[in-house]
Asker: 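Supplied in structure tokens, the structure appears directly below.
Ligands are counted one by one from 1 in listed order, and the atoms in each one are counted from 1 as well.
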Amino acid sequence: MKSYVPVAALCVLLAGIQLGSVPAKKLSSFDPEVKMLLSKMSLEEKIGQMTQPELGPVLSHPGDMQKYFIGSVLSGGDSDPAEGNSLQAWTDLYDRTQNEALKTRLQIPILYGIDAVHGHSNVLGAVIFPHNIALGCTRDPALVERIGRITAEEVRATGIQWTFAPCVTVPQDIRWGRTYEGFSEDPEIVRTLGGASVRGLQGSDLSNPLSILACAKHFVGDGGTSASTAVRPGMPPNSKPRMSLDQGDTKLDEATLRRIHLPGYMAAVQAGVGSIMPSYSTWNGIRCSASKRLLTEILKQELGFEGFLISDYNAINQINPRDYKGSIEISINAGMDMAMVPSGYRDFFESLKALVNEGKVPISRIDDAVTRILRVKFAMGLMDKTRSPLADRKLHQTFGSPAHRAVAREAVRKSMVLLKNDHHVLPVSKDIARIHVAGESADDIGNQCGGWTIFWQGQSGNVTPGGTTILQAIKAAVSKTSQVTYSPDGSGAEGASLGVVVIGERPYAEGVGDRSDLSLGENDRNALANVKKTGIPVIVILFSGRPMIITDVLPQADAFLAAFLPGTEGQGVADVLFGDYKPTGKLSFSWPKSMDQLPLNINTSKEKYDPLFPYGFGLSF
Ligand code: BGC
Ligand code: BGC
């Protein structure tokens with residue numbers, strides 16, 4: 001009777017080994033087909049394959065898809081279907097777009113890219129998984145691979161076939177607003193989980209209709225930038241100088257760059273990743289999007305990457321803000337294959353064409369770029385005339401399904417890190433008389449999900465249906481006789497047997513999320529103080545995109561759980577609270593005592609490494 005557990009575990013293990021061991025077909029094995037197609041293509045048709053506008057701008061110019069032979073589009077973090085973000089609207093938009101692309105002379109289907117970075121995170125009702133920082137705490141590649149499979153299936157339900165994920169950044173300074181997009185400050189965790197994510201998203205075969213194209217990003221060293229107060233190219237000209245790390249400069253010798261920031265890409269390439277996004281950031285002052293050393297010599301020649309490079313959103317413009325055409329020349333010659341040019345696609349198209357005609361970009365480079373893009377399209381089965389490139393709406397049935405949510409819930413409970421548990425406050429009995437829940441984040445799916453959720457920057461509040469807040473999860477977990485009361489500000493906790501205070505950051509994404517102060521907000525502190533002063537035991541749950549400064553509030557908490565950004569399945573938090581799951585999560589980042597210690601990570605010298613909780617910390621009960 002008892003033996004079913006190990007047997008099941010063995011099956012999972014074997015399945016995992018099998019998945020990992022089937023070598024994905026090499027992308028270059030499609031070169032004979034690609035060559036034939038390439039020989040029929042005009043220069044314009046080739047450049048069209050290299051041009052990726054944002055969908056809104058190109059659709060608002062009827063005829064442009066055909067005129068510029070557009071080979072790919074993206075929907076950015078804030079670009080939604082006019083009808084809203086429903087599954088139906090997204091699927092309709094995809095089909096409409098694909099039908100436009102099929103009207104081009106060669107009828108090459110379009111590759112549609114989106115930031116499905118923790119589930120199909122732009123679509124209402126999709127299951128939203130924990131952000132990578134939380135997945136890093138699970139140390140569980142098989143789980144990350146399963147998450148990739150489910151994400152791929154939900155993305156496919158809308159017809160879309162490409163996600164700009166996984167982010168295999170290795171953030172070294174948690175003041176960076178993109179810290180949560182990284183699995184860990186430790187390259188080893190990023191290597192294992194990054195590879196697993198690619199295998200999950202792409203499956204063992206890209207031609208599987210339930211697989212999508214992955215994109216490892218942002219190559220390379222995006223998480224290694226140093227803090228600066230310089231006004232950056234992306235910022236409005238009169239911005240007040242403030243500390244920022246996003247899109248900054250990574251000052252490292254090549255050996256250190258390779259040791260810390262390259263392993264994730266090595267794993268992604270090994271897993272057969274079909275696309276990689278060069279970073280906005282610079283390496284010793286040189287833009288990654290302009291570096292032939294990085295893009296061609298290291299990535300393509302040395303690592304043997306056979307897929308294509310997609311530039312980041314308007315990143316080519318930043319190479320030389322005063323000379324766009326010159327920037328295109330540098331980037332394409334450095335090895336960029338496809339350009340993310342949201343609204344400036346006409347300018348890109350005409351400039352690149354002129355550069356080829358002037359002999360400044362060799363046609364061999366264009367052919368190489370297009371070969372790489374078409375390899376992927378062939379590998380995905382997009383060129384197979386017997387297969388419809390339109391959405392398979394049967395997949396709507398499993399979109400956001402209980403089975404998918406169950407995996408997200410598993411990820412949530414496995415990613416919770418228990419930082420403190422005095423007097424065995426945890427686990428809590430489900431028969432407890434009364435729990436008082438407090439804090440503005442206790443009943444807020446938006447705060448639970450963080451950035452890149454329906455909105456580019458995320459948003460507090462009820463951003464997406466189908467999930468469970470912590471308050472709802474606690475109510476669902478306790479016995480019928482237990483009472484659950486709630487106040488955002490912690491008032492009214494008197495007489496309860498226990499307080500659960502849910503605090504944390506409000507959603508943000510790139511750029512906007514850089515912070516020189518990571519202390520808790522006033523309202524959160526007050527809520528905690530209000531509950532604490534009633535004298536009942538207090539459990540604190542923190543939602544945040546990174547460790548925060550909790551040194552002064554920790555004494556007020558009897559137990560403290562770092563939940564990071566768990567996504568829609570709050571029930572996974574309750575699984576740990578009530579002891580249905582004994583915590584196993586281990587910190588994927590070092591937890592500092594104070595801001596002046598930053599940057600603080602496993603690469604900090606031993607004498608200076610004095611964190612509140614070290615990398616890898618995590619209690620159980
Ligand atoms: C888009 C994002 C993009 C960002 C780049 C936003 O408007 O929605 O997708 O990453 O601009 O700056
Ligand atoms: C971000 C990328 C993202 C792209 C498209 C950029 O601003 O840096 O991570 O994939 O926008 O939204």
Side-chain angles (χ1 to χ4, degrees), residues 51-58 72-80 85 90 111-123 131-133 151 155 160-171 176-183 194 197-198 201 212-225 232-235 244-248 250 264-265 268 273-282 287-289 308-319 331 336 338-345 450-458 508-514 545:
T51 308
Q52 186 194 60
E54 186 142 16
L55 188 58
V58 71
S72 177
V73 292
L74 91 143
S75 284
D78 275 333
S79 46
D80 310 328
N85 281 307
W90 273 102
L111 254 181
Y112 195 131
I114 198 161
D115 293 284
V117 296
H118 57 151
H120 199 1
S121 38
N122 285 280
V123 185
H131 268 299
N132 287 349
I133 188 171
T151 303
V155 171
I160 297 174
Q161 340 88 331
W162 183 14
T163 178
F164 304 124
C167 185
V168 291
T169 184
V170 192
W176 188 36
R178 303 195 81 158
T179 299
Y180 66 79
E181 295 187 60
F183 292 109
S197 177
V198 171
L201 292 165
I212 58 174
L213 175 63
C215 179
K217 70 186 188 184
H218 311 83
F219 185 76
V220 58
D222 54 346
T225 60
R232 299 215 203 287
M235 296 181 182
S244 76
L245 289 126
D246 198 39
Q247 306 186 10
T250 298
Y265 295 94
V273 74
S275 71
I276 292 180
M277 185 185 291
S279 180
Y280 281 122
S281 55
T282 56
R287 293 236 161 249
C288 293
S289 305
F308 68 90
L309 296 174
I310 168 76
S311 69
D312 205 343
Y313 203 94
N314 278 329
I316 295 177
N317 308 50
Q318 296 184 1
I319 294 174
S331 190
M336 195 71 78
M338 187 188 279
M340 192 185 284
V341 280
S343 54
Y345 60 94
W452 297 105
T453 313
I454 308 299
F455 307 93
W456 175 40
Q457 293 289 327
Y508 55 78
E510 32 171 346
V512 180
D514 289 5

Asker: Say you draw a straight line from OH of Tyr508 to CZ of Arg178; how long is it, rounded to the nearest 0.5 Å?
Answerer: 12.0 Å
Asker: So how far is it from Leu213 CG to Ile160 CD1, rounded to the nearest 0.5 Å?
Answerer: 13.0 Å
Asker: At a 4.0 Å threshold, what atoms of ligand 2 neighbour a non-hydrogen atom of Tyr313?
Answerer: 6 (C), 7 (O), 11 (O)
Asker: Taking heavy atoms and a distance under 4.0 Å, where does Arg178 meet ligand 2: side chain, backbone, both or neither?
Answerer: side chain
Asker: Please step through side chain to side chain contact (heavy atoms under 4.5 Å, CB included) for the pair Asp115 and Lys217, ending with a clear verdict.
Answerer: CA-CA 11 Å; Asp115 293 284; Lys217 70 186 188 184; 3.2 Å; yes
Asker: Counting only heavy atoms, which portion of Tyr280 has something under 4.0 Å from ligand 2: side chain, backbone, both, or neither?
Answerer: side chain
Asker: Pull out every atom of ligand 2 sitting under 4.0 Å from any heavy atom of Lys217, numbered as shown with elements.
Answerer: 2 (C), 3 (C), 9 (O), 10 (O)
Asker: On the 0 to 90° scale, with breaks at 30° and 60°, tag the Trp90-His120 ring pair as parallel, tilted or perpendicular.
Answerer: tilted
Asker: For the 3.5 Å polar cut-off, considering only N or O atoms, please tell me whether Glu510 and ligand 2 meet it.
Answerer: yes
Asker: Give the atoms of ligand 2, by number and element, whose distance to some non-hydrogen atom of Asp312 is under 4.0 Å.
Answerer: 1 (C), 2 (C), 3 (C), 4 (C), 6 (C), 7 (O), 8 (O), 11 (O)
Asker: Pick out which of Thr453, Ile114, Val155, Asp78 makes a side chain to side chain contact (heavy atoms under 4.5 Å, CB included) with Asn122.
Answerer: Ile114
Asker: Please compare Thr169, Asp115, Thr163, Ile310 and report which has the shortest non-hydrogen distance to atom 12 (O) of ligand 2.
Answerer: Asp115
Asker: Nearest 0.5 Å, please: how far is CE in Met336 from CD1 in Ile316?
Answerer: 5.0 Å
Asker: In terms of relative ring orientation, are His131 and His118 parallel, tilted or perpendicular, with 30° and 60° separating the classes?
Answerer: parallel
Asker: Can you check whether His218 has an N/O within less than 3.5 Å of an N/O in ligand 2?
Answerer: yes
Asker: Which ligand 2 atoms, with their elements, are less than 4.0 angstrom from a heavy-atom of Phe164?
Answerer: 10 (O)
